[in-house]
Amino acid sequence: MGGLAISVADERRNDSHCLSVQDGVNVQDVLTEIIRTGAYRSDYEEITEKLLYEQVSYDIAITGVQKIVDSGLFNKEQ
């Protein structure tokens, strides 16, 4: 899985709109900040949640992001 994530990041790095994969950005830190602040909670609850085939609360959905952080997938040291 790590190889796929790195490949996607490398492919998107040339697109200046993909800020999270630009040089000097620590994806682990970005994801941790999103979880800590609930930055996308209102967007998820007001838009995304209504588009889902099965209802999944923000609190459940954000645990997926936490699992990515916990996995160390984007640790700079790896």
Side-chain angles (χ1 to χ4, degrees):
M1 170 98 136
L4 176 61
I6 300 304
S7 294
V8 170
D10 288 342
E11 182 68 28
R12 293 182 176 180
R13 192 163 285 116
N14 295 325
D15 183 346
S16 62
H17 293 100
C18 295
L19 300 176
S20 63
V21 295
Q22 299 305 311
D23 291 335
V25 175
N26 184 319
V27 177
Q28 284 287 117
D29 290 346
V30 171
L31 294 176
T32 299
E33 187 70 4
I34 287 169
I35 295 165
R36 187 183 70 72
T37 64
Y40 292 100
R41 178 183 285 274
S42 64
D43 178 84
Y44 183 91
E45 291 175 344
E46 293 170 16
I47 299 169
T48 306
E49 199 169 33
K50 293 177 175 95
L51 300 173
L52 300 176
Y53 179 72
E54 292 183 33
Q55 291 305 127
V56 178
S57 71
Y58 176 85
D59 291 328
I60 297 296
I62 200 69
T63 63
V65 178
Q66 184 64 57
K67 288 178 183 178
I68 292 169
V69 169
D70 294 344
S71 77
L73 181 64
F74 292 105
N75 278 343
K76 289 285 187 184
E77 296 79 38
Q78 293 181 344

d(Y40 OH, I34 CD1) to nearest 0.5 Å is 5.0 Å
The side chain to side chain contact (heavy atoms under 4.5 Å, CB included) partners of I60 (sequence neighbours excluded) come to V56, S57
Legend entry - Verdict with supporting geometry, R41 and D59, side chain to side chain contact (heavy atoms under 4.5 Å, CB included): CA-CA 9 Å; R41 178 183 285 274; D59 291 328; 2.7 Å; yes
I'd like to know if the side chain of Q66 reaches the main chain of I35, judged simply by a donor and an acceptor atom lying under 3.5 Å from each other, with no hydrogens or angles considered. no
Spell out, as yes or no, whether a donor-acceptor pair under 3.5 Å connects the side chain of Q22 to the backbone of C18.
yes
**Report entry** R13 (side chain) donor-acceptor with V21 (main chain) under 3.5 angstrom
**Finding:** yes
Could you walk me through whether D43 and T48 pass the side chain to side chain contact (heavy atoms under 4.5 Å, CB included) test, one step at a time? CA-CA 7 Å; D43 178 84; T48 306; 3.8 Å; yes
d(Q55 CD, K50 NZ) to nearest 0.5 Å is 9.5 Å
TODO: For atom OH of Y58, decide whether the heavy atoms of other residues, nucleotides or ligands shown that lie under 6.0 angstrom number more than 12.
DONE: yes
- request: Please report the C-alpha distance between Y44 and L52 in whole Å, then the side-chain angles of each, then the deciding distance to 0.1 Å, and finally whether the side chain to side chain contact (heavy atoms under 4.5 Å, CB included) criterion is met.
  value: CA-CA 10 Å; Y44 183 91; L52 300 176; 3.2 Å; yes
Value for NZ (K67) from CG (L73), rounded to nearest 0.5 Å, stands at 14.5 Å
- Message: I'd like to know whether V30 forms a side chain to side chain contact (heavy atoms under 4.5 Å, CB included) with N26, so could you lay out the CA-CA distance, the side-chain angles of the two residues, the decisive distance to 0.1 Å, and finally the verdict.
- Response: CA-CA 6 Å; V30 171; N26 184 319; over 6 Å; no
